Trainee: 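Sending over a structure as structure tokens; questions will come in a sec.
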Amino acid sequence: MKFIVYAPAHFYGTEELSGIVDKNGFSLLQAFSRIMRQLGEVIEVECPEQAEPIYWQCVQENRACVLFSFAPPHLLPITLACPVVPVFGWEYADIPERIEEQCWLDDPRHDWRFALSKAAGAIVLSSHARDIVRRSMGAMYPVAAVHWPLSASVKDQSSCFRALPHAGRRSMLSIRGSVGDSEHMGLDVDAIVCDEEDDTPAFDPSDAIDLPPLDQIARHVHSVAAENPAMNDSGDLWSSEPLPCSWRMPPIVYIRTRLRGIVYTAVLSMSLEQDNWVDVVTGFGWSFRDVADATLLLVIDDPALESCQAKLVSELSKLSPLKCRVLAIYGMPSADEYAALIHATTYYVSASCASASCRHAADFMAAGIPVIAPAHTALGDLVQGDSALVVRSMPGTPRVWPHGDQDIYRTWWHQIDWQSLVEAYHKSYAVARKEPATYLAMGHLARTRARAHCGPDAIKIEIQQFLRDIVTSGLMAQHERQQAPAMHTLGMQS
Amino acid sequence: MILLVYTSTADKDLVTRLGCPEYSYRFVIREFMPLLHEFGKVIDIADPEQEVDAIYASCVARAEPCLFLCFMPPGKTPLRLNCPTIPVFAWEYDNLPNEAFRGRPRNDWTRVLARLGNAITHSSFVAERTRAVLGPNFPIACIPAPLWDRMQRHHATHSGLRCLAFQGLAIDCSEVDLTPYRLSALKSIPSRDVPLPPGQADGPVTMQLEGVVYTAIFNPQDGRKNWRIMISAFCEALREREDATLLLKLTHRDANEVVPDLLQQIHQMGRLKCRVVLIHAYLSDEAYNDLIRCTTYALNTSHGEGQCLPLMEYMSSGKPAVAPRHTSMLDYIDDHCAFVVDSSEEIGCWPQDPRQVYRTLRQRIHYGSLVNAFRNSYHVAKHEPETYKNMSHSARQSLKRYCSMDVARSRFKQLLAGQCIGQAKQIA
């Protein structure tokens with residue numbers, strides 16, 4: 001069996017999205033290739049046309065060969081003799097079925113039904129996407145939900161079960177990267193520039209005497225400095241606490257810092273609205289504004305990293321003063337750092353409005369980390385009440401197609417109940433602190449579920465089954481009759 | 001007894017100050033006037049610092065009680081008058097501003113209220129939130145604008161073809177080309193620079209309305225009103241219903257500043273058979289009442305309400321509502337008189353805080369629940385006249401309990417009793 005794999009350079013027309021989605025296409029290709037190598041030979045091509053000579057050679061050798069296009073159907077190569085299978089994640093409520101957008105008029109593939117009908121079948125990253133493809137293509141269409149395979153750096157820690165977070169536990173974060181630290185941002189609400197005309201009453205000096213502060217009113221006290229561990233407490237010369245930073249992305253340096261208390265980690269993009277980073281941050285900041293031993297670790301995977309620090313500083317300024325701590329790591333860490341980061345985490349958190357895959361949630365869960373997340377779209381495959389604190393979400397918020405004109409709502413995604421997110425933050429903190437058995441049980445179930453869905457063995461079986469399905473399905477058979485040799489070896493080690 | 005009243009918008013300037021800070025306090029004063037007249041002579045003050053204490057001194061001289069009711073946010077209420085001052089304020093957030101931001105102690109309303117020693121607000125929600133910080137015995141009365149009795153002159157009719165005539169601007173979105181207002185076009189031009197649709201200008205308007213009419217009255221520049229979700233949910237729910245109308249009456253002095261954004265939101269909903277009508281006009285009492293008569297449901301999708309005068313007017317006159325049940329609406333919205341829209345807390349800012357920092361909570365409206373409320377209410381209006389009638393009756397009754405003159409009178413009397421005892425002691 002030959003697997004030809006290909007990820008196009010541009011998924012979406014809109015520039016602001018292209019960067020991140022490209023990257024996901026390539027990351028997805030790499031993740032699947034790792035598994036596919038166990039099933040046959042994998043050849044990566046830079047353009048789909050390069051698949052043709054390989055295919056014809058396979059025909060001569062009577063070997064099975066499929067081109068996997070790691071991109072949504074509107075980018076599917078449809079003129080090849082080689083059977084093609086798109087592999088994609090989709091988080092919206094439907095697939096595009098009508099060419100209503102101006103920018104789609106010249107390409108019939110924007111009706112995904114047309115593109116999918118030209119494919120030998122499709123692999124999607126969630127049962128949500130599988131169901132909507134089936135709804136559009138019919139129950140017989142060969143579409144498989146194969147989850148984003150677990151990151152290679154996620155080690156099976158079943159033999160060395162994670163230490164429970166307890167009071168005073170401080171895990172060390174060591175990383176080479178650009179790290180923004182809320183305790184080094186100089187956050188100050190009074191430094192916020194107010195553009196709007198200030199309509200509040202003018203200052204009257206005697207007000208200070210006539211209006212003394214009320215003692216009984218609890219106030220936030222800015223006591224961050226006292227909590228802030230000294231630079232270089234590890235004594236290492238090559239690493240330090242995060243540097244003082246402001247609106248600009250901090251420089252890339254070696255950082256070594258202790259994380260206080262309960263550590264929440266989210267991997268997200270600030271440019272993708274569906275990642276809903278503002279709810280993640282405001283929910284955390286509001287829940288733990290007076291709690292020093294809560295840390296939010298944001299791993300920001302974004303095509304426009306430069307602008308992310310400014311967005312974060314702005315949002316954190318509005319929340320300040322904060323006793324809890326927010327650390328932003330700009331850019332995906334290396335595999336080892338990612339693994340260490342998972343190990344340092346108490347809970348993975350997502351407030352997604354629509355998830356195309358449960359990639360990062362699965363990585364954390366597989367390491368025994370419970371999640372705080374809504375149970376919809378791709379996350380719905382993993383997030384259940386026994387291994388997660390489920391954030392309430394409501395379906396139906398209207399959305400534009402991400403790769404269309406952006407003018408008219410054509411689909412929808414989910415709305416997050418922010419109050420429920422805050423409740424989950426509070427509850428998760430209490431569970432980690434006071435209910436170790438519950439925490440461990442959640443982690444255990446998280447690990448089991450993530451491995452069952454996204455572990456390499458599970459993925460391998462899913463892919464094999466899919467290959468058998470497309471052989472037996474009419475589409476492949478049709479393709480076969482027209483252009484290809486017998487495909488009886490599909491799915492088997494060639 | 002002399003009752004001095006003040007707000008920053010003079011009665012005569014209201015038309016030109018719609019949408020300006022605190023403009024709506026003038027509407028509140030108008031509703032309080034009949035009540036206040038029952039208790040004494042009412043004097044509308046133009047400049048509190050100059051006028052109030054002079055009048056108060058003459059009252060003291062003749063041993064006549066005198067009170068100053070300041071219809072303003074506490075931060076803008078005079079603090080050092082000799083005349084007993086009662087701040088009358090509207091509020092709709094989870095906590096009172098309790099920070100002296102921008103270095104100004106008056107921005108901390110808790111300090112202001114502690115000094116003034118009493119207050120009137122319009123909802124039990126805010127009364128409770130105030131007592132939570134100033135103590136359970138802090139004298140704060142919940143007195144909504146007593147408009148229920150006034151609305152009993154208007155009897156609810158909503159079926160069949162209705163005609164509405166007024167002077168102003170009306171844009172029927174089914175009759176104008178919305179493409180200039182598409183989002184991608186407005187990204188490159190500030191929306192206020194996009195002209196109104198051709199042929200749309202102030203003038204005499206005669207409008208036919210039929211079917212199920214939802215009416216909302218609001219200032220689109222008031223972020224609390226959350227009107228985008230109102231438009232999208234209506235259009236989504238009733239997209240195919242030719243006899244469903246969303247009528248938005250805009251309370252803002254300049255149509256150009258607000259209309260393009262509304263048209264953009266309507267355009268974004270794609271092809272519609274239902275009708276969305278924007279009215280920008282200062283309606284005469286007669287036209288205003290006609291609008292109520294033409295309406296099937298009063299509509300609200302706010303993040304928070306201090307009381308919501310239009311909703312109270314419509315419901316008092318027997319219009320059931322599509323509205324959430326939070327903040328002041330906790331006092332009068334329930335399943336008997338409204339299609340209740342789900343909501344839950346989200347982070348928010350005190351609107352007057354120029355820093356716009358997160359210090360409070362407001363309500364996030366659940367979109368799907370709003371869509372369902374539109375569908376259910378449409379069905380009831382079309383097919384369940386008895387249910388509609390019962391809801392209409394319940395709306396009237398609920399608002400009677402909330403904002404009738406009887407309710408306001410007894411609460412105001414109670415507040416005055418405390419005040420007058422204080423003053424009597426002071427005069428003695």
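Everything quoted here is computed from the prediction, not taken from an experiment. Throughout, protein chains are lettered first and strands after them, A, B, ... in sequence-line order, and every chain is numbered starting at 1.
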Trainee: Sort A:Leu421 into side chain, backbone, both or neither according to what part of it lies under 4.5 angstrom from a heavy atom of chain B.
Mentor: neither
Trainee: Go through the steps to decide whether B:Lys187 and A:Asp407 satisfy the test salt bridge (Lys or Arg N to Asp or Glu O under 4.0 Å), and finish with yes or no.
Mentor: CA-CA 11 Å; B:Lys187 268 181 184 163; A:Asp407 280 334; over 6 Å; no
Trainee: In residues 392-400 of chain A, which residues are in contact with chain B at a heavy-atom separation under 4.5 Å?
Mentor: A:Arg392, A:Met394, A:Pro395, A:Gly396, A:Thr397, A:Pro398, A:Val400
Trainee: Looking just at side-chain N and O atoms, do B:Arg80 and A:Ser206 make a donor-acceptor pair shorter than 3.5 Å?
Mentor: yes
Trainee: Can you find a pair of side-chain heavy atoms, one from A:Ile408 and one from B:Met269, that are under 4.5 Å apart?
Mentor: no
Trainee: Tell me, out of A:Asp210, A:Val422, A:Thr282, who's got the most heavy-atom pairs with chain B below 4.5 Å.
Mentor: A:Asp210
Trainee: I'd like to know if B:Arg364 and A:Asp417 make a salt bridge, using a cut-off of under 4.0 Å between side-chain N and carboxylate O.
Mentor: no
Trainee: Against chain A, work out which of B:Asn107, B:Ile229, B:Asp353 has the most heavy-atom pairs shorter than 4.5 Å and name it.
Mentor: B:Asn107
Trainee: Rounded to the nearest 0.5 Å, what separation is found between the OH atom of A:Tyr409 and the OG atom of B:Ser232?
Mentor: 5.0 Å
Trainee: Apply the test salt bridge (Lys or Arg N to Asp or Glu O under 4.0 Å) to residues A:Asp207 and B:Arg104: give CA-CA distance (whole Å), side-chain angles for both, the deciding distance (0.1 Å), then the verdict.
Mentor: CA-CA 8 Å; A:Asp207 282 356; B:Arg104 299 167 194 178; over 6 Å; no
Trainee: Please classify the contact between B:Val112 and chain A as side chain, backbone, both or neither, with a heavy-atom cut-off of under 4.5 Å.
Mentor: both
Trainee: Given that the side chain runs from C-beta out, which part of B:Arg115 has a heavy atom under 4.5 Å from chain A: side chain, backbone, both or neither?
Mentor: side chain
Trainee: Checking the side chain of A:Gln415 only, and the main-chain atoms of B:Ile365 only, is there a donor and an acceptor separated by less than 3.5 Å?
Mentor: yes
Trainee: Does any backbone or side-chain atom of B:Glu236 lie under 4.5 Å from a heavy atom of chain A? Answer side chain, backbone, both or neither.
Mentor: side chain
Trainee: Check whether any side-chain heavy atom of B:Arg111 lies under 4.5 Å from a side-chain heavy atom of A:Pro212, and answer yes or no.
Mentor: no
Trainee: With no hydrogens and no angle check, just 3.5 Å: does a side-chain donor-acceptor pair link B:Tyr358 and A:Glu315?
Mentor: yes
Trainee: Taking the side chain as every heavy atom from C-beta outward, state whether A:Gln406 and B:Gln268 have any pair of such atoms under 4.5 Å apart.
Mentor: no
Trainee: Any side-chain heavy atom of A:Leu319 sitting closer than 4.5 Å to one from B:Ile347?
Mentor: yes
Trainee: So which part of B:Glu22 gets closer than 4.5 Å to some heavy atom of chain A, the side chain, the backbone, both or neither?
Mentor: side chain
Trainee: What's the spacing between A:Trp286 CH2 and B:Leu361 CG if we round to 0.5 Å?
Mentor: 4.5 Å
Trainee: For a 4.5 angstrom cut-off between non-hydrogen side-chain atoms, does B:Asp108 reach A:Leu211?
Mentor: no
Trainee: What's the spacing between A:Gln102 CD and B:Arg182 CZ if we round to 0.5 Å?
Mentor: 8.5 Å
Trainee: Output the option from B:Leu186, B:Asp342, B:Leu183 having the highest count of non-hydrogen pairs under 4.5 Å with chain A.
Mentor: B:Leu183
Trainee: Measure distances from B:Arg228 to the heavy atoms of chain A and classify the residue's part below 4.5 Å as side chain, backbone, both or neither.
Mentor: neither
Trainee: Roughly how far apart are A:Ser314 OG and B:Gln356 CD, rounded to 0.5 Å?
Mentor: 11.0 Å
Trainee: Is the CD atom of B:Gln221 crowded by more than 12 outside heavy atoms at less than 6.0 Å?
Mentor: yes
